[in-house]
Structure formats: C-alpha cells, structure tokens
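Each chain gets a letter, A, B and so on, in the order its sequence line appears, and its residues count up from 1.
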Amino acid sequence: MISAHTDRAFEGELRLLRERLQRMATRADEMLADAVRALVQGDAELARQTAHRDRAVNQDEVDIDEQCLAMLARWQPMASDLRLIFAASKLASNLEQISDLAVNICERADELATGGFRGPYTFIPHMSEVGREMLRDAMTAFLTANTDLAQEVLTRDDEIDDLHHQVVSTQTERIRAGDIDVRQGIAVQNVARFLENVADHATAIAEHAIFMVHALDVRHAGKRER
Amino acid sequence: MTAPRLHVHKLRAGFGGKEVLHDLELEIAAGTVTAIIGPSGCGKSTFIRTLNRMHELVGGAWVKGRVLLDEQDLYASDVDPVLLRRRVGMVFQKPNPFPSMSIRDNVVAGLRLTGTLSRGQTEAIAERALRQAALWDEVKDRLDDPGAALSGGQQQRLCIARALAVDPQVLLMDEPCSALDPIATARIEDLIHSLRGRYTIVLVTHSMQQAARVSERTAFLLRGELVEVDDTRKIFTKPNDRRTEDYITGRFG
Ligand SMILES: Nc1ncnc2c1ncn2[C@@H]1O[C@H](COP(=O)(O)OP(=O)(O)O)[C@@H](O)[C@H]1O
Ligand SMILES: [Mg+2]
C-alpha cells in the first residue's frame, strides 16, 4: 500500500471519501437485494419501501461530488491522489445509476405482485447474485487498489450476458406457450435487462479501479486487450 | 536568433569537497519550457547556475561534464563566460533591480556593460524588452522613475525585461514567483507562455502547480540526482518513479 500523506488533514479527507463510497455502495447493493427479494416473493409493500431508499443514494452522490470538488480546490492533488478523486466522482455516478436500476426493478415487482404474477423467475435470483458480487468485488478492487480483482470482474460480464439471454428466451417460450401474460413476461425480461445494466456499472467501477492504479483507460479497449 | 536546444551530459558540480549534482543527463528541446522541481537543497539552483556558468563564480565551486548549447560546449576553453551569460539570461528568486537607477536604465543595464549605443537605440531596445516582458503599458509614462518605485511583481518583470534586453536565446528562472502574490504570479506565468518558442526556458519552481501550468517537460531532482524527466502531463498524472509520486503527492518523509 501507498504510504501516508504528510498532511494528515488531507489523509483524513481521503479516508472520509473512501468511507462514503463504501457506504453508498452498501446502500445500493442492499436496495438491489431487497428489490429482487420483493420481486421473487411478490411483496409489493417491500418493493415500494425499497424504491424510496434511492433518495439516500442520490444524496450520497451529491455529497461525494461536493467533497471531490472541494478536495480538488483545496489540495490541488497530483498523480494517484488526483486519479483517485477523479475516479471517485465517476464511481459515485455509477452507484447512483445502480440504485435507479433497483428502483426500476421495484416498479416491475410492484406491478407484477399487484397483477397476481407469481413467477417462476428462473435465472433472475442467480443474475442478481452474480451482479451484486461483481459490484462488491469492483468496490473492493477500487478501495484496495487491487487490479487483479478488477480484471476478474471484467471477465464476468459474459456470464451476465448469457444469463440475460436465458431469461429472455425462457420468458419468450412461456409467452408463446400461453403460460403467462405477454406484458408480465416482458416485465420479467426487463428486470433481466436492468440486472445486466447493473453488471455494466460494476464493470465500469472495475475499470475506474484499473485507471486509478495504472492510469490506464481500459474502457474502450476490446475484451482481449484488457 | 532562434532558440537552441540544451544538452546536459554527465554533469557533476559541487563546492570544494562536496558534490551537489551527480552525473546529470538531460536533453532540453529548443523553444520549450522545462520545469525543475525537487525539495529544498536538492541542487536546483546549483543546476540552473551551471547552465550559464554562474555556478563557478562562487569560491571553491567546480563543474565537470558538458553542457551543450546546440553544438557548442559551454565549458570549452574558448568560451567567454561573460558573453555566454548574454546568450543565457537569468532571473532570480528575489527581484533585484538597481533601486535608484531609472526603470529605463535598469532594462538596458546589461547592454551598457558591452558596446556603446546611441540614446535612440537604447530607447528602442528598452521599449521592445518592456513590451516583451508585458510591462510597457504600466511604465511607459514613468521610465525615469527609480526601479524601486515598482511593485514586487513589476520589479520581477523589470528583471525579465533586463534579461531580454540583451537578446538572449535561453532564459533561466530560479523560483521567479516565490516572492510574488497570485496575481503577479499569474502575470509572470502568462509572460512565460508568451515567451515560449522564441526562447528555451528553464524554470526552477517549488510550486508543483506552477510547473504543471507552464512547462511542457518536468524534471524531478532529488539529492542531486535526476530521478525522472518526462512530459509534464505525465509527471503530474502518472509519474514512473515511486520517489516522484511520493514527492508530488506530498508523501515525503
Ligand atoms: N555556496 C555554497 N557553498 C557550499 N554549499 C552550498 C553553497 N550553495 C549551496 N550549497 C549546498 O548545495 C546543495 C544544493 O543547494 P541548492 O542548489 O541551493 O539547492 P536548491 O536550489 O534545490 O534548494 C545544498 O546542500 C546546499 O547546502
Ligand atoms: Mg534554490
């Protein structure tokens, strides 16, 4: 690990920034878990309650951006500090969008539960598990500057894509067979797409971790190059 | 005359038995601004003073190795150091105009030391140098006032004008803004931007932000060793050497 900053006030602000990012990530992750639980258990009330929690995440993003801006102005950081603060602000935006996706899932959960739909949600819980794990690993990679772990997150994007396709084809099959209502089948497919987007944000966070450590922008490199 | 490139090769320098600069190797492209950064006492001033042979003016000071100005070795036996210092001008940390000498005379003070010029020629040279130093508009109506009548920032630009008056090719600046307020500093930095290309500029600064703002190359000097030289943008976003990283992020023991 990097040695401590000579200015302890700056070191303290960096620590606060990391803590805020971690707290925000935990909030977004828990929202995601509850959104999927509300969906699978057909719990409209839980869905509504969970959706409301995105306000706290929005506030986190505002607070983090404000802190980043203030730190840039106050300390005029260089090199790895500069990259950390620059990346932190982007990361907060990824987390905020993850919480928006959790809200979208809550809306579908509410709609499906209210409409009396009871599944099955084949692959959805699994997709959610993989997506959340990617998010948690990406955050750990970022906060501990672990680029191996970040690379590992990047390779799991394909897994999520596969699961997404499986949900789509399974639901399409059920609609065709007349087992479920078209709109309900599409709602489930939407949830799979939201979860795929969650994984995209987790991937972006892993890319921020790599940028922070190596100053290497891997966002638009092909999968093989990175 | 066009700006030359500088090549520093196996440069060692010191005072008596003490070696301050160890085997420096540095290439400075023509017409660029290069910043020298590093902690106090690392040898920045000593280094910059070897580039116009001012270092040797101190008793016991010595230099080994080569400094090439284009193809010419500054330390070759046929080089006259006084003439050399006209080609390689220097601006110091504290503005040092002659306080009772008029503004105009301050600017042309370097010219007076050599050759004889008509009053008209002196006036023209003073105006050109003051314009180049972005000071003309502020002093054109009081050229006979003493140098001491100017503010610190103006005095520093007066010293830059004095250095430019002798038509140098290289401009060395040793922490030129350390005694100036932010606005006066911004004026000097703006001036450096406007001089880029016409002169090869080497700037010693203890302000990382200043180095980042005005230079295209930055060299990090530590205990008389050149740790890293690279594009300024690279140095301040992703330096190669851990010691550079520690220094510019303030993680220094
Ligand atoms: N006239 C001198 N006689 C002996 N040692 C000197 C003299 N001037 C500077 N030094 C020493 O040389 C080293 C480099 O000094 P200097 O070039 O002024 O560093 P910097 O400009 O980076 O602060 C320091 O250790 C300083 O003490
Ligand atoms: Mg010095």
Side-chain angles (χ1 to χ4, degrees), chain A residues 1-18 67-91 141-147 150-151 206-221 225-226, chain B residues 33-42 44 175 177-178 180-183 185-186 189 203-223 226-253:
Chain A
M1 267 320 277
I2 277 173
S3 53
H5 201 280
T6 308
D7 192 323
R8 281 172 297 171
F10 181 63
E11 194 66 30
E13 286 188 29
L14 284 176
R15 195 178 325 113
L16 175 65
L17 181 61
R18 290 165 186 282
Q67 189 188 343
C68 289
L69 211 55
M71 286 182 81
L72 291 176
R74 265 187 88 180
W75 305 103
Q76 294 155 7
M78 293 289 190
S80 60
D81 295 331
L82 180 59
R83 300 199 304 275
L84 167 67
I85 294 168
F86 180 69
S89 169
K90 294 182 170 208
L91 195 160
F142 188 89
L143 294 171
T144 62
N146 182 342
T147 51
Q151 290 289 355
E207 287 165 348
H208 298 329
I210 293 168
F211 168 78
M212 191 187 61
V213 177
H214 296 311
L216 205 64
D217 197 328
V218 293
R219 280 179 301 179
H220 306 295
E225 288 157 67
R226 61 194 192 198
Chain B
V33 179
T34 298
I36 312 290
I37 61 167
S40 291
C42 70
K44 302 181 296 294
E175 303 194 21
C177 301
S178 59
L180 305 184
D181 67 48
I183 300 296
T185 297
E189 290 180 5
L203 168 80
V204 167
T205 176
H206 61 246
S207 160
M208 241 83 71
Q209 282 72 25
Q210 177 166 75
R213 286 192 295 263
V214 302
S215 71
E216 51 260 267
R217 299 278 287 176
T218 295
F220 173 50
L221 202 58
L222 181 63
R223 284 186 221 98
L226 205 51
V227 172
E228 186 169 356
V229 192
D230 210 331
D231 289 345
T232 296
R233 188 143 39 133
K234 179 88 183 354
I235 292 278
F236 291 114
T237 54
K238 179 70 173 123
N240 269 325
D241 196 287
R242 174 62 186 273
R243 292 166 293 173
T244 316
E245 166 85 29
D246 282 351
Y247 180 68
I248 65 175
T249 57
R251 290 181 171 83
F252 215 67

Problem - Taking every non-hydrogen atom, the tightest pair across E245(B) and A79(A) - result: OE1-CB, 3.4 Å

Problem - Per-residue contacts, residues 231-240 of chain B versus chain A, heavy atoms under 4.5 Å - result: F236(B), T237(B), K238(B), P239(B)

Handout entry: Interface residues of residues 204-219 of chain B facing chain A - non-hydrogen atoms under 4.5 Å apart
Key = M208(B), Q209(B), A212(B)

Problem - Between OG on residue S80(A) and CG on residue D246(B), distance to nearest 0.5 Å - result: 8.5 Å

Problem - Reported CG-to-OG1 distance for the pair L84(A) and T249(B), which is rounded to 0.5 angstrom - result: 11.5 Å

Exercise for the section: Decide yes or no for D81(A) and R251(B): does some side-chain heavy atom of the first lie under 4.5 Å from some side-chain heavy atom of the second? Expected result: yes

